[in-house]
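This report concerns only the one structure given below.
This is a predicted model, so every value here is computed, not measured. Note: hydrogens, waters and symmetry copies are ignored here, and every other heavy atom, side chains too, is used.
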Amino acid sequence: MKKPRTVGIRELAAHLGMAISTVSRAMNDRSEVSPETRKRILAEAERLGYRPNQSGRSLRSGSTKAVALTMRTDIGRTMSGETFFMALSEGLQSTLANVGYDLMILPCASDQDENEFLYRAVDRRLADAFIISNVQRIDPRIDYLRKWHMPFVALGSSETKGDYAALDLDFAGVAETSVRRLATQGHQRILLGLTAQETNNNYVFLAGFKTGLEKAGLAFDERLVLRLHDRISGGYELASTLLAMDDRPTAALLIQETMAMGLYQRLGEAGLQPGKDLAVIGFRENPVCRYLTPSLTSFRIDLKQYGARLGEMIIAELDAEAKGADRSDFVHEVWPMELVPGKSDGAA
């Protein structure tokens, strides 16, 4: 099918017999143009199929009308085909579209430094605001964005000092609830599987794990905390380490639910069954893990709503930046999660 012909501002101005500057002012609703003239220009623009040159408008206004979400391509979620970012982006894009913004996803490859990756994107003004994921315990990106007064929201908490907006899942609450559930079932030695990354959620999850143990009257054993690759192979390695222990734990708690696939595989090779020989709880209900047998006990969150809330927060940051007012109302929000009982955990 033949592509419809579009008309630029020069052709529109020539057709109307007006100066380009007059047409431009009318399009931007400037007061120098009378209502009658503006109405005539807009009517002809619509009839002729006029389309503004967005890149030119962005250069003149300093605005891209886009929000950028940075994400790594080498984390367990993306490498295992998990839909976390896609489901999140659906709610996020819908909310941004309501105010005329578009979502831009900036994937950072495994061989790139994610700090430098963000710095270049900010320096080039690729977007009007940024959402940073994979948030580190101490994250230099936060300081950089604050230094250059770039509106942003951290998708995750951090111990980096300063005021900024952040949205996170309740890692501490999930860990504490899981330990309480396992302790109630009679488990006293619980293995904790964290990721090898320096993301802050590892430390928050560990803190919740320790709190759960303390409340259950169980001692914390550092030997039962493993740092692994946040992917299927990490779960396989976790199970191998567990099987080699003399005083074998009877339960395992995972911060990355895709690890459960590797864990299930290794247990099967050893003739053991999750839920019977080892209780297993994963972090989040995950489509990739849906067909595990027995079903994985995990936690639920509506990612579309979560993404929509993220959109509301970044819009608030853009509005605040436009007003230029001193801030004291940065939002740091933690979303609770709902336990979804499966058959992978049970009595010790």
CD (Q185) with more than 12 external heavy atoms under 6.0 Å: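 Yes - once you tally the heavy atoms of other residues, nucleotides and ligands closer than 6.0 Å, there are more than 12.
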Plane angle bin for F209 and F220 - parallel if under 30°, tilted between 30 and 60°, otherwise perpendicular: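 Because their plane-to-plane angle is over 60°, the rings of F220 and F209 count as perpendicular.
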Option from Q136, R137, R141 for which side-chain hydrogen bond (donor to acceptor under 3.5 Å, both in side chains) with D139 holds: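 Checked Q136, R137, R141 against D139; only one passes side-chain hydrogen bond (donor to acceptor under 3.5 Å, both in side chains): R141.
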If we only count heavy atoms from C-beta on, is the [X] to [Y] side-chain gap below 4.5 Å?
X    : Y    : answer
E269 : Y236 : yes
L96  : M104 : no
N200 : I138 : no
F130 : L118 : yes
Q197 : Q256 : no
T297 : V280 : no
D247 : R189 : yes
E285 : R290 : no

Hydrophobic cluster identity match, [X] and [Y], side-chain contacts under 4.5 Å:
X    : Y    : answer
L167 : Y203 : no
I142 : W148 : yes
I281 : V340 : no
L103 : V122 : no
L169 : L310 : yes

Worked check of side chain to side chain contact (heavy atoms under 4.5 Å, CB included) between R72 and S133: CA-CA 8 Å; R72 292 204 65 90; S133 62; over 6 Å; no
Report the distance from atom [atom1] of [X] to atom [atom2] of [Y], rounding to the nearest 0.5 Å.
X    : Y    : atom1 : atom2 : answer
I314 : D319 : CD1   : CG    : 10.5 Å
D302 : E338 : CG    : CD    : 10.5 Å
R38  : T22  : CZ    : OG1   : 13.5 Å
D170 : T177 : CG    : OG1   : 7.5 Å
L182 : T250 : CG    : OG1   : 8.0 Å
T195 : D230 : OG1   : CG    : 5.5 Å

Residue pair [X] / [Y]: nearest heavy atoms and the distance that separates them:
X    : Y    : value
F117 : P107 : CZ-O, 3.4 Å
A68  : L106 : CB-CD1, 3.7 Å
L16  : V23  : CD1-CG2, 4.4 Å
M18  : R40  : CE-NH1, 3.2 Å
L218 : A183 : CD1-CB, 4.1 Å
I41  : A26  : CD1-CB, 3.6 Å

With a 3.5 Å distance limit and no angle check, can you tell me whether [X] reaches the backbone of [Y] through a side-chain donor-acceptor pair?
X    : Y    : answer
S295 : Y291 : no
Y164 : T160 : yes
T199 : V135 : no
S178 : V174 : yes
S89  : L92  : no

Working for salt bridge (charged side-chain N to carboxylate O under 4.0 Å, His left out), residues R227 and E198: CA-CA 10 Å; R227 300 291 293 263; E198 278 300 300; 3.7 Å; yes
Test log, rule side chain to side chain contact (heavy atoms under 4.5 Å, CB included), inputs D128 and Y101: CA-CA 9 Å; D128 295 340; Y101 274 83; 3.4 Å; yes
Derivation of the side chain to side chain contact (heavy atoms under 4.5 Å, CB included) call for L296 and E257: CA-CA 9 Å; L296 181 67; E257 60 281 351; 4.3 Å; yes
Verdict with supporting geometry, Q273 and Y264, side-chain hydrogen bond (donor to acceptor under 3.5 Å, both in side chains): CA-CA 8 Å; Q273 182 180 340; Y264 272 45; over 6 Å; no
Distance under 6.0 Å and angle within 45° of ring axis: R284 vs F171: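 Here R284 fails the 6.0 Å and 45° test against F171.
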side-chain hydrogen bond (donor to acceptor under 3.5 Å, both in side chains) between E44 and H15, worked out: CA-CA 9 Å; E44 283 301 293; H15 172 79; 2.8 Å; yes
Output field: ring centroids Y119/Y144 closer than 6.0 Å: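 Aromatic pair counts; centres sit under 6.0 Å.
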Intermediate values then yes/no, side chain to side chain contact (heavy atoms under 4.5 Å, CB included), I105 and M86: CA-CA 10 Å; I105 296 179; M86 290 302 101; 4.1 Å; yes
R309 bridged to E312 by N-O distance under 4.0 Å: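 Counted as a salt bridge, because a side-chain N and a carboxylate O are separated by less than 4.0 Å.
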